Amino acid sequence: MPNSQCELCQQQGDVIVKADEWRVVLVNDAHYPGFCRVIWHEHVQEMSDLPLEKRTLMMNVVWQVEQAIRDVIQPDKINLASFGNMVPHLHWHVIPRFKDDMHFPNPIWGQVERSINPAMRERAGLIPALKAAIQARLA
């Protein structure tokens, strides 16, 4: 059941694809163009709270989003993370990483290593193609 105190239960964001049990949201982060979240609609905290078939469904969506980001944005690396420490609602971060991004090789929540690279603005121009690729993979 949705939780009225949960940010992810209430907030839709820039939804790329929405299905009965999950949605894919584009995160508005100029430093990390193509950063997406895969959010389970039902308010559950952990992957193990879901039955096997729903865990499999969730991970299949994560992998399809990852592949679309790899195909379109062509990052050096993809980071996958499911924290939920601040928002205890099941969701996965799918983050394209580049050797020239602000934090590389640290996590994006870690120590900044360099100033923002102007190439990130160019990569942001790929967002419409990324949205179309995610929609096609999850149609």
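Bear in mind the structure is a predicted one, so any value in this text is a computation, not a measurement.
Between I127 and P33, the shortest heavy-atom contact is CD1-C, 4.0 Å. In terms of heavy-atom proximity, L130 sits nearest to G34 at CD2-CA, 3.6 Å. The two atoms that bring H103 and E113 nearest to each other are O-CG, 3.7 Å, heavy atoms only. Taking all atoms of both residues into account, the shortest heavy-atom contact from P96 to Y32 is O-CD2, 3.8 Å. Nearest heavy-atom pair across P128 and A124 is CD-O, 4.4 Å. What you find for F98 and M120 is that their closest heavy atoms are CD1-CE, 3.9 Å.
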Checking side-chain contact (heavy atoms from CB on, under 4.5 Å) for the pair V38/H91: CA distance, chi angles, key distance, verdict?
CA-CA 5 Å; V38 178; H91 65 287; over 6 Å; no
Output, in order, the C-alpha distance, side-chain angles, deciding distance and verdict of side-chain contact (heavy atoms from CB on, under 4.5 Å) for V61 and M58.
CA-CA 5 Å; V61 174; M58 179 70 156; 5.6 Å; no
Check the pair M59 / M47 against side-chain contact (heavy atoms from CB on, under 4.5 Å), numbers first and verdict last.
CA-CA 10 Å; M59 292 314 300; M47 287 291 290; 3.7 Å; yes
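A perpendicular orientation is assigned to the rings of F83 and W109, their planes being inclined by more than 60° (bins at 30° and 60°).
Screening I16, V27, V25 for a side chain to side chain contact (heavy atoms under 4.5 Å, CB included) with C36, the sole residue that qualifies is I16.
The main-chain N or O of L8 is never found under 3.5 Å from a side-chain atom of H43 such that the two would form a donor-acceptor pair. Looking at H93, its side chain never comes within 3.5 Å of a backbone N or O of R37 through a donor-acceptor pair. Judged purely by atom type and a 3.5 angstrom limit, D14 has no side-chain atom pairing as donor or acceptor with the backbone of L26. Checking side-chain atoms of R137 against main-chain N and O of W63 turns up no donor-acceptor pair under 3.5 Å. Remark: side-chain polar atoms of D76 are paired, donor with acceptor, to backbone N or O of K99 under 3.5 angstrom.
A salt bridge links R123 to D100: at least one charged side-chain nitrogen sits closer than 4.0 Å to a carboxylate oxygen.
R70 CZ: 12 or fewer foreign heavy atoms inside a 6.0 Å radius.
Under a hydrophobic-cluster definition in which Ile, Leu, Val, Met, Phe, Trp and Tyr are linked whenever side-chain heavy atoms come within less than 4.5 Å, directly or via other members, F104 and I73 are assigned to different clusters. F35 and V15 fall into different hydrophobic clusters, where Ile, Leu, Val, Met, Phe, Trp and Tyr side chains are chained together by heavy-atom contacts under 4.5 Å. Cluster annotation: L90 is not connected to I39 through the hydrophobic network of ILVMFWY side chains, with a link wherever side-chain heavy atoms come within less than 4.5 Å. Under a hydrophobic-cluster definition in which Ile, Leu, Val, Met, Phe, Trp and Tyr are linked whenever side-chain heavy atoms come within less than 4.5 Å, directly or via other members, L57 and L138 are assigned to the same cluster.
Looking only at atom types and distance, the side chain of Q67 has a donor-acceptor partner in the side chain of D71 under 3.5 Å away.
Distance check: K18 NZ to H41 NE2 gives 5.0 Å after rounding to the nearest 0.5 Å. Here the straight-line distance linking atom CG of N106 with atom CD of Q111 works out to 6.0 Å at 0.5 Å rounding. Atom-to-atom distance recorded for D49:CG and E42:CD is 9.0 Å, nearest 0.5 angstrom. Once rounded to the nearest 0.5 Å, the distance linking CH2 of W40 with CZ of R55 reads 11.0 Å.
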